[in-house]
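Reviewing the structure listed below.
To find a chain, count down the sequence lines: A is the first, B the second, and so on, and within it residues start at 1.
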Amino acid sequence: MLDIQKIRENTESVRQGIQNKNMSIDFDAILQLDQVRRDVIAEVEVLKHDRNVVSKDVAVRKKNKEDASDLIIKTRDIGQRIKTLDDKQRAIEADLNKLMLEIPNIPHASTPIGKDASENPVVKEWGSRFSPGFDLKTHLELGESLGLFDFPRGTKIAGPGFPLYTGKGAKLERALINFMLDFHIDQHGYTEVLPPVVSNAKSMTTTSQLPKFEDDMYKIPQDELYLIPTAEVPVTNIHQGEILAAQDLPIRYCAYSSCFRREAGSYGKDTRGFLRLHQFNKVEMVKFTHPDNSYAELEALRGNAEAILEALGLEYRTIELVTGDLSFAAAKCYDLELWAPGEERWLEVSSCSNFEDFQARRGAIRFKPEGGGKVQLLHTLNGSGVATPRLLVALLETYQQEDGSVMLPEILAPYMGSAGLHLT
RNA sequence: GGAGACGUGGCCGAGUGGCUUAAGGCGGCGGCUUGCUAAGCCGUUGUACGUUUAGGCGUACCGAAGGUUCGAAUCCUUCCGUCUCCGCCA
């Protein structure tokens, strides 16, 4: 959510930012509603002040055993007017809040202006192309012949897009999750958390899955819960409504969770194998930072995600999203893409974003500055570190051997066993 | 799922319709003292919104939302949460 005061005072620059995001918002309607709201508040507060003064007089007279009926009659009318205005204020604020929740974050000044993904600049390329000279198999062919997963049975159990991992495939999935968690905890200083995989509407609103993206999520109406599309939701909401001490910042959490996405509107796209799923595993990093440090923390966060890919020896590139491709809540974002030699394409495995105070305002996540001073909103960031399905694709395709087996990188030995690195 | 108890500031805790502007204490912050010394004394204390050149002023907030009343932390209704006991359960 944006600051209404900022919209009021810097209307044109906010308007420009939204336009760069290819969105359109009726700011005139919002400003007008805000003006009405403030007029009503000013009016009702005068009446409440009057009521308080008269009520005190009533109390004094009653204490002195004097008659106060004239005052009571006078205030009865004030009470009615207050009630009317209170109702009006409530209605206006509900309307205004609804509009405010639909306004996307505005891009940071450093985010390149551009219309869509085709204009995203590549900011880093790492690793070398895997081209061994024999015919490369896709992860589907490899997985099937090696018995790593069973899509038909996953479909039978739940439906398409719900993968069943089997044997070494299940172990590899578990190994990757543990490897990434340990890496971020031991090397990058994150604190591990293991959150619920469901969240309520309030939490979903903080991170802005709600109200705009309700159709993308699985809902449990009976209990008014949603399955999380990412651990970002429960982890960011750990400090919802709290006032943290400045000395405690930055807070860095790392969480594994299953993620659930309906992928409505993407039917027929990337339906094969692991490229697009309804349920998948992901290790997520979430940071709560002082506003002054959030962009330095974003660079570090991106580095933490890249370090995973480098440790696994996989070719990747990092792109910076232009304003038109930025997600609803982000002010700046990097995407990490792995090269899948069998698929012969780049696969997005991580998104690292700075939301500035956008989510913090929605969730009332604040901090008290060191040495006192006014409580202020902190900045939230998150990034995948990383999602497993496409990582598994690139890993299998990059480490495949001519005989159809896969020789996993040495760094996974503690998790697979040395002998277990060779998938046959 | 059943029965009961409870929900007050950073924390403890008083408060059953009106000098409550939420007592008192702890903690925090600022100052004084340095013959009460592992201390003592004085002052201060939250959040949001509105308003103001500024200092300030006003309004609201006692789990949440409504209601009764001239006036609600206090009375009524609904909801949420916590705890205890019972039932079920990995």
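- Using a 4.0 Å heavy-atom distance criterion, A/Arg361 is classed as making no nucleic acid contact.
- Under the Watson-Crick or G-U wobble criterion, with both distances below 3.5 Å, B/G43 is paired with B/C29.
- Electrostatic pairing of A/Asp86 and A/Lys83 does not count as a salt bridge here, judged by no charged N lying under 4.0 Å from a carboxylate O.
- The distance from atom CD of A/Gln376 to atom C1' of B/A48 is 16 Å, rounded to the nearest whole Å.
- Using a 4.0 Å heavy-atom criterion, one finds that A/Ile41 contacts the sugar-phosphate atoms exclusively.
- Atom CG in A/Leu377 sits about 13 Å away from atom C1' in B/U47, given to the nearest Å.
- When the C1' atom is compared between B/C75 and B/U69, the two are found 10 Å apart, to the nearest whole Å.
- Distances from the side chain of A/Arg366 to the nucleotides B/C70, B/U47, B/G50 place B/U47 closest.
- In this structure, A/Asp39 atom CG and B/G50 atom C1' are separated by 11 Å, rounded to whole Å.
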If you look only at distance, which donor and acceptor atoms sit under 3.5 Å apart when one is on a side chain in residues 152-159 of chain A and the other is two or more places apart or in another chain?
{"residue": "A/Arg153", "atom": "NH1", "partner": "A/Asp150", "partner atom": "OD2", "Å": "2.8"}
{"residue": "A/Thr155", "atom": "OG1", "partner": "A/Phe151", "partner atom": "O", "Å": "3.0"}

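- An OP1 or OP2 oxygen of B/G71 is reached within less than 4.0 angstrom by no side-chain nitrogen or oxygen of A/Asn52.
- Ranking B/U47, B/C49, B/G18 by closeness to the A/Arg37 side chain, first place goes to B/C49.
- Base pairing analysis places B/U51 opposite B/G56; the two distances defining the Watson-Crick or G-U wobble pair are each below 3.5 Å.
- B/U21 sits 35 Å from B/C32 when the P atoms are compared, rounded to a whole Å.
- Remark: A/Leu146 engages A/Leu148, A/Val406, A/Leu423 in a side-chain contact (heavy atoms from CB on, under 4.5 Å) (not counting sequence neighbours).
- Candidate nucleotides B/G50, B/A60, B/C70 were compared by shortest atom distance to the side chain of A/Lys48, and B/A60 ranks first.
- Of all nucleotides present, none satisfies the Watson-Crick or G-U wobble test against B/A23 with each distance under 3.5 Å.
- In the region residues 76-99 of chain A, proximity to RNA chain B at under 4.0 angstrom, judged on heavy atoms, holds for A/Arg76, A/Lys83, A/Arg90.
- For A/Arg51, the listed nucleotide lying nearest its side chain is B/A60; candidates were B/U47, B/U51, B/A60.
- Separating the P atom of B/G4 from that of B/G17 is a span of 26 Å, rounded to the nearest Å.
- A/Asp223 places its CG atom 12 Å from the P atom of B/C80, with the value rounded to the nearest Å.
- A side chain to side chain contact (heavy atoms under 4.5 Å, CB included) with A/Asn281 holds for exactly one of A/Ile177, A/Leu391, A/Leu392; it is A/Ile177.
- Nearest nucleotide to the A/Glu45 side chain, out of B/G50, B/C70, B/A60: B/G50.
- Residues A/Val123 and A/Arg302 meet the side-chain proximity criterion, which asks for heavy atoms closer than 4.5 Å.
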